[in-house]
Peer 1: 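Encoded as C-alpha cells, here's the structure I'll be asking about.
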Amino acid sequence: MEERPGGGVRPGGGVLLGRPRLWHGGAPVWRLRVVHVAFAVASIGVAVVAPFAGTALGLVLTVANAAILVAAVVLVTLPCIARRVDPQAGRRTPVLLDAACRALRVAAPVVFVATAGAALAGLEPGDGGTLAWQLPGVGIGAFQYALTVGLGLFLLITTFALARAAKDEEGGPRAMAGMAAWFVLMVAVGAANVLALGLLFWTAAFLGVPGTAAEPGPLGRALLIDDSAWWTAALVPLLAFGLLALAGVLWLIRKAAAARLAPELKPYYGERDDAETVASAWALAALTDRAGLVLGVLTALGAAGSAVVTVLHRLGPFTPGGGVSGMLASAGGWVMVAAVVTLVLVGRRTYSDARLRRTIGILWDIATFWPRAIHPLAPPCYTERVVPELVARVRRLAAKDGDQVVLSGHSQGSVIAAAVVLQLDPQARRRVRLLTHGSPLRRLYAAYFPAYFGGRELTAVREAVTWCNLYRLSDPIGGPVFRRVDPLAGGEQDAVDRFCWDPRRPGPGEPLPEARRHTAYWLDPLYDEALTRLITVERAV
C-alpha cells in the first residue's frame with residue numbers, strides 16, 4: 001500500500017494498474033486530441049499551399065500552417081500535456097497549457113478553412129509557369145519516408161533500452177524479450193500505410209489516371225503519385241505471398257504438435273479418432289503462443305521490403321510503372337483498394353449479421369480497454385467509466401462485515417475484474433472473491449503489457465483477494481495465471497489455477513462431446529465447485 005499526501009492509504013500502492021489516475025484521463029486526452037488534429041490539418045495545409053508560396057496569398061497561408069505545426073510540436077513535447085491527475089490528490093494542470101490548447105483548437109480550423117477556400121478558388125504559381133496536375137504532397141515522399149524510418153529507429157532504440165531497464169523489475173513471461181510493443185506498432189503502422197495508399201490510388205483513379213513523374217509523353221489527365229508510393233504498392237502482393245507462406249508454417253507447426261499429443265491422449269480418449277480430434281483442437285489453441293512469431297515475420301517482411309524499395313527508388317534502375325514492377329504495383333493498388341472496400345462492407349454487414357457483430361464487439365472491447373493516453377484519436381475507452389463504476393458498486397455491496405461479493409469475469413471481463421480488485425481499499429477486499437475463466441491475463445496481457453500485468457501485479461491481485469482461475473488447453477485465448485499444470489503428467493495444481501478438461505472424456509459408448517474452447521465455462525461442473533468454495537472459504541485476515 002502507498003500513503004496519500006493527505007493521509008490514509010492509496011489503493012494499489014506502487015502497482016501501476018492500481019493507481020486511480022489511470023482511469024481518469026479526460027483532460028489529457030482532450031489536450032492531446034487538439035494537438036494531433038491541429039498537426040494533421042496543418043500538414044495537409046502545408047502540402048496544398050507550399051507549391052504556391054511564391055505568391056503573397058500562398059506565402060501567408062504557408063506561414064500560417066507552418067506556425068500551427070510548430071505550435072503543435074512544441075505543445076506535444078511538454079511532459080504535463082499527457083499527465084493524468086489523481087482525483088484524490090487535489091493537483092491541477094497548468095492554466096496556461098489549457099489556454100494554449102484552446103487557442104490552437106480555434107486557430108487550426110480557421111487556417112485550414114482559409115487554405116481550403118483559397119485552393120478551391122484557385123491559386124496561381126508564383127513563377128508564372130504551369131504545374132503538373134498532381135495530388136498535394138507529391139515530391140516530398142522521400143522526406144516522409146526518411147521521417148518514418150527515423151521515428152521507427154528511435155522507437156526501436158528507446159523500446160530496447162526500456163525493456164532492458166525493466167527486465168529485472170518485471171517478473172513473468174515477456175513476449176519477444178519485451179520488444180513486442182515495437183513489433184505491434186510497426187505492424188499497425190504498416191497496415192495503416194497500406195490502407196492510406198489504397199485510398200490514395202482510389203482517389204487518383206476516381207479523379208483521373210494514376211501515373212508516375214517518369215512517364216514520357218503528355219500527362220493528359222494523369223494524377224502523379226510519388227515513385228515511392230508505386231514501389232510500396234508493388235510490395236503488397238509480395239507481402240500477401242509472405243502471409244500465405246507464414247500460414248503454411250503455422251499449419252505445419254499445428255500438425256506436428258497434434259501428432260505429439262495424440263499418443264498421450266489415447267488413454268483418455270480411446271474410442272475411434274477422439275484422441276486425434278482433441279489433439280488437433282489443443283494444438284490449434286496453442287498457436288496463440290506463436291503470436292510473437294507472426295509479429296516478427298510480418299515486421300521482417302515489411303522492413304526487408306522497405307529496404308528494397310528504398311534502394312530501387314534511390315538508384316532508379318527502372319521505373320515502377322512498367323514491366324513486372326508495374327504489374328505488381330497495379331496489382332498492389334487493386335489489393336489496397338479492395339482492402340478499403342472490404343472494411344466498408346464488413347462495417348455495413350455488422351448491422352445484419354449478429355455473429356459478425358459479436359466478433360467485432362469482442363475485438364472492439366479488447367482494442368478500447370486501454371485509456372487513450374497514447375492514441376487520443378482512438379475510440380473512447382470504456383474502462384474509464386466501467387472500472388470506477390464497478391469499484392463504487394462493489395463498495396456499496398460490500399459495505400458491512402457480513403457482506404460478500406464474488407466477481408466472476410470471463411475473458412476480457414477477468415482483466416477488468418483484476419483492475420477493479422486493485423482499486424479497492426483493504427476493507428472491501430476482505431469481502432470480495434474473484435473467479436476468472438478463459439482469462440488472457442497471463443497468456444496475453446502479462447506477456448505484452450508486463451508493466452501493468454507482470455508478475456508483481458498479478459501477485460498483488462492474488463494477495464488482495466481469494467482467487468480461482470479456470471482454464472482449458474482447447475482455449476485459444478484463456479490460460480493459467482500462475483502455473484500451467486500438464487494434465488497428462490499429473491502434478492500438484494496451483495492454489496489459483498484449476499484445469500478443466502475440454503472436451504470432457506465421454507463415457508463408454510458415448511460420442512465425443514463438442515469442444516467448448518473459449519465459451520460456456522459456467523456450464524462446466526468445476527465452475528459450480530469453484531463458486532461454492534469461494535463462497536464458503538474464510539479469508540485469513
Side-chain angles (χ1 to χ4, degrees), residues 30-78 81 96-148 150-151 192-193 195-213 219-229 375-377:
W30 172 81
R31 291 192 295 266
L32 287 171
R33 182 166 58 242
V34 169
V35 172
H36 280 68
V37 172
F39 186 87
V41 297
S43 299
I44 298 173
V46 168
V48 170
V49 300
F52 306 95
T55 64
L57 179 59
L59 179 61
V60 170
L61 291 176
T62 301
V63 171
N65 282 284
I68 297 295
L69 286 176
V70 172
V73 170
V74 171
L75 286 175
V76 82
T77 56
L78 299 178
I81 193 170
L96 291 178
L97 178 61
D98 286 341
C101 289
R102 291 191 182 94
L104 188 65
R105 185 185 185 187
V106 175
V110 169
V111 174
F112 181 75
V113 169
T115 301
L120 293 175
L123 288 169
E124 296 183 0
D127 58 2
T130 59
L131 288 176
W133 196 34
Q134 60 188 28
L135 293 179
V138 172
I140 62 173
F143 170 75
Q144 290 177 334
Y145 184 77
L147 180 62
T148 302
L151 287 174
N193 284 334
L195 293 177
L197 282 175
L199 187 60
L200 177 66
F201 277 88
W202 194 1
T203 304
F206 179 78
L207 297 175
V209 179
T212 66
L219 294 175
R221 289 183 57 80
L223 277 171
L224 301 186
I225 302 176
D226 273 329
D227 285 358
S228 58
H375 201 321
L377 301 181

Peer 1: Which donor-acceptor pairs under 3.5 Å do the side chains of residues 67-78 make with protein atoms, sequence neighbours left out?
Peer 2:
{"residue": "T77", "atom": "OG1", "partner": "V73", "partner atom": "O", "Å": "3.4"}
{"residue": "T77", "atom": "OG1", "partner": "V74", "partner atom": "O", "Å": "2.6"}

Peer 1: May I have the list of side-chain donor-acceptor pairs in residues 109-121 shorter than 3.5 Å, sequence neighbours left out?
Peer 2:
{"residue": "T115", "atom": "OG1", "partner": "N65", "partner atom": "ND2", "Å": "3.1"}
{"residue": "T115", "atom": "OG1", "partner": "V111", "partner atom": "O", "Å": "2.8"}

Peer 1: Nearest 0.5 Å please: distance from the CZ atom of F52 over to the CG atom of L61.
Peer 2: 11.0 Å
Peer 1: Near R33 CZ, under 6.0 Å, is it more than 12 heavy atoms from other residues, nucleotides or ligands?
Peer 2: yes
Peer 1: Between atom CD1 of I44 and atom CZ of F39, what is the distance when rounded to the nearest 0.5 Å?
Peer 2: 11.0 Å
Peer 1: Once rounded to the nearest 0.5 Å, what's the spacing between atom CZ of R102 and atom CZ of R31?
Peer 2: 9.5 Å
